[in-house]
Amino acid sequence: MSAAVRRPGALTAGALAVAAGAEFLHLAPAAVRLPPLRRTLARRTAGHGTAPGHVALTFDDGPDPRSTPYVLDALDELGARATFFLLGAMLERAPALGRELVLRGHEVAVHGWHHRRQWYPAPVRDLRELRRAAEAVTGLCGARPLWYRPPYGVLTAGPALAARRLGLRSVLWTAWGRDWTAEATGASVYATARPGLTGGATLLLHDSDCTSAPGSWRATLAALPLIAAHCRTRRLTLGPLRDHRVPPPAGRNRPV
């Protein structure tokens with residue numbers, strides 16, 4: 001078949017290459033999840049801090065009226081503060097709980113509007129949804145967010161660039177407790193997190209089961225005293241990302 005008589009809708013090799021290139025550029029930032037690259041980029045994206053003896057305690061997927069209040073009470077008892085990465089859709093349903101997070105001394109951050117992977121390029125949608133989530137956090141919680149963490153930790157180009165435009169620092173984590181599974185217990189969450197609980201670590205936990213196994217937040221709750229005790233014996237301080245001294249990225253974030 002000659003070039004002049006191609007099937008309708010057929011793509012040329014050049015068009016396929018352009019499409020593949022665009023998809024590669026979109027997905028390239030997600031490579032920071034791979035262990036070798038995460039070690040290399042830790043100080044910029046994975047959340048490794050430089051504050052001596054500080055462990056950043058972070059929670060994803062809230063606020064959830066069924067579980068977040070229990071987490072807040074536990075943190076009060078432990079004398080610990082944390083950074084909560086909020087979903088806009090969850091915050092919209094529980095705005096009073098968002099304000100309570102701030103009143104209790106915690107830091108609020110952005111986890112997106114919905115909890116879904118951004119595999120395919122959609123820069124206009126990415127900016128619109130992230131702006132909506134950031135504005136919800138600012139307006140409903142009464143505090144301007146500084147941080148963005150993508151759902152599932154998949155940081156693709158669209159959300160990464162949108163976060164940069166909105167003045168948000170993208171940050172992942174260096175340790176987790178796998179507290180989202182149906183098999184998780186307080187002991188298992190602690191055992192999984194323990195090797196990564198060193199100075200400069202950023203710990204990922206969840207204060208909601210909205211995208212996890214039903215009731216899995218109870219394992220998180222049970223693990224908190226174990227994690228706090230571990231940190232105390234090693235003279236580590238649990239606190240929010242704002243106290244973590246995460247090194248700045250290559251360029252400055254400028255909200256527009």
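Position 1 is the first residue of the sequence; numbering continues from there.
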(message) Walk me through whether Thr192 and Trp176 qualify under side chain to side chain contact (heavy atoms under 4.5 Å, CB included).
(response) CA-CA 7 Å; Thr192 302; Trp176 61 14; 4.1 Å; yes
(request) Answer whether the closest heavy-atom distance between the side chains of Thr237 and Asp243 falls below 4.5 Å. (result) no
(message) Is there a path of hydrophobic side-chain contacts, each under 4.5 Å between heavy atoms of I/L/V/M/F/W/Y residues, joining Val171 to Leu87?
(response) no
(request) Not counting sequence neighbours, list each pair that qualifies as a ring pair (Phe, Tyr, Trp, His ring centres under 6.0 Å) and has a residue in residues 217-241. (result) Tyr70-Trp217, Tyr190-His230
(request) Heavy atoms only: give me the nearest Gly199-Leu236 pair and the separation to one decimal. (result) N-CD2, 3.7 Å
(request) Can you sort out the partners of Arg104 under side-chain hydrogen bond (donor to acceptor under 3.5 Å, both in side chains), two or more places apart, ordered by chain and number? (result) Asp73, Asp76, Glu100
(message) Between His111 (side chain only) and Tyr148 (backbone N and O only), is there a donor and an acceptor less than 3.5 Å apart?
(response) no
(request) Of all the heavy-atom pairs spanning Pro63 and Gly98, show the shortest one and how long it is. (result) CG-N, 4.4 Å
(request) Check the side chains of Ser208 and Asp61 for a donor-acceptor pair under 3.5 angstrom, ignoring hydrogens and angles. (result) no
(request) Provide the closest heavy-atom pair for Ala143 versus Val108 in the form atom of the first, atom of the second, distance. (result) CB-CG2, 4.0 Å
(request) Please check if the side chain of His206 supplies one atom and the backbone of Asp60 the other of a donor-acceptor pair under 3.5 Å. (result) no
(request) Would you kindly confirm whether Phe85 and Met90 end up in one hydrophobic cluster when ILVMFWY residues are joined by side chain heavy atoms under 4.5 Å apart? (result) no
(message) Could you check whether any side-chain N or O of Thr174 sits under 3.5 Å from a backbone N or O of Ala201, counting only pairs where one atom can act as donor and the other as acceptor?
(response) no
(message) Run the side chain to side chain contact (heavy atoms under 4.5 Å, CB included) test against Leu127 and tell me which residues pass, sequence neighbours left out.
(response) Arg131, Ala162, Arg165, Leu166
(message) Val71 vs Phe84, test: side chain to side chain contact (heavy atoms under 4.5 Å, CB included). Steps then yes/no.
(response) CA-CA 11 Å; Val71 173; Phe84 286 80; 4.3 Å; yes
(request) Could you tell me whether the side chain of Pro145 reaches within less than 4.5 Å of the side chain of Leu168, counting heavy atoms only? (result) yes
(message) A side-chain contact here means heavy atoms from C-beta on lying under 4.5 Å apart; do Thr58 and Trp147 qualify?
(response) no
(message) I want to check something: taking the side chain as every heavy atom from C-beta on, are Leu224 and Leu205 in contact at a cut-off of under 4.5 Å?
(response) yes
(message) Is any side-chain heavy atom of Leu238 closer than 4.5 Å to one of Leu75?
(response) no
(message) Does any part of the side chain of Arg169, heavy atoms only, come nearer than 4.5 Å to the side chain of Leu146, both counted from C-beta?
(response) no
(message) Whether the Asp209 and Ser216 side chains hold a donor-acceptor pair (N or O, under 3.5 Å, no angle test) is what I'd like checked.
(response) no
(message) Counting C-beta onward and ignoring hydrogens, is there a side-chain heavy-atom pair between Leu204 and Arg149 closer than 4.5 Å?
(response) yes
(request) With rounding to the nearest 0.5 Å, note down the distance linking CG in Leu101 to CG in Leu140. (result) 12.0 Å
(message) Would a single hydrophobic cluster contain both Leu161 and Val110, if residues Ile, Leu, Val, Met, Phe, Trp and Tyr are joined by side-chain heavy-atom contacts under 4.5 Å?
(response) no
(request) Taking the side chain as every heavy atom from C-beta outward, state whether His106 and Leu72 have any atom pair closer than 4.5 Å. (result) yes
(message) Run the side chain to side chain contact (heavy atoms under 4.5 Å, CB included) test on Cys141 and Leu86 for me, step by step, so that the C-alpha distance in whole Å, both residues' side-chain angles and the decisive distance to 0.1 Å come before the verdict.
(response) CA-CA 10 Å; Cys141 299; Leu86 309 180; 3.8 Å; yes
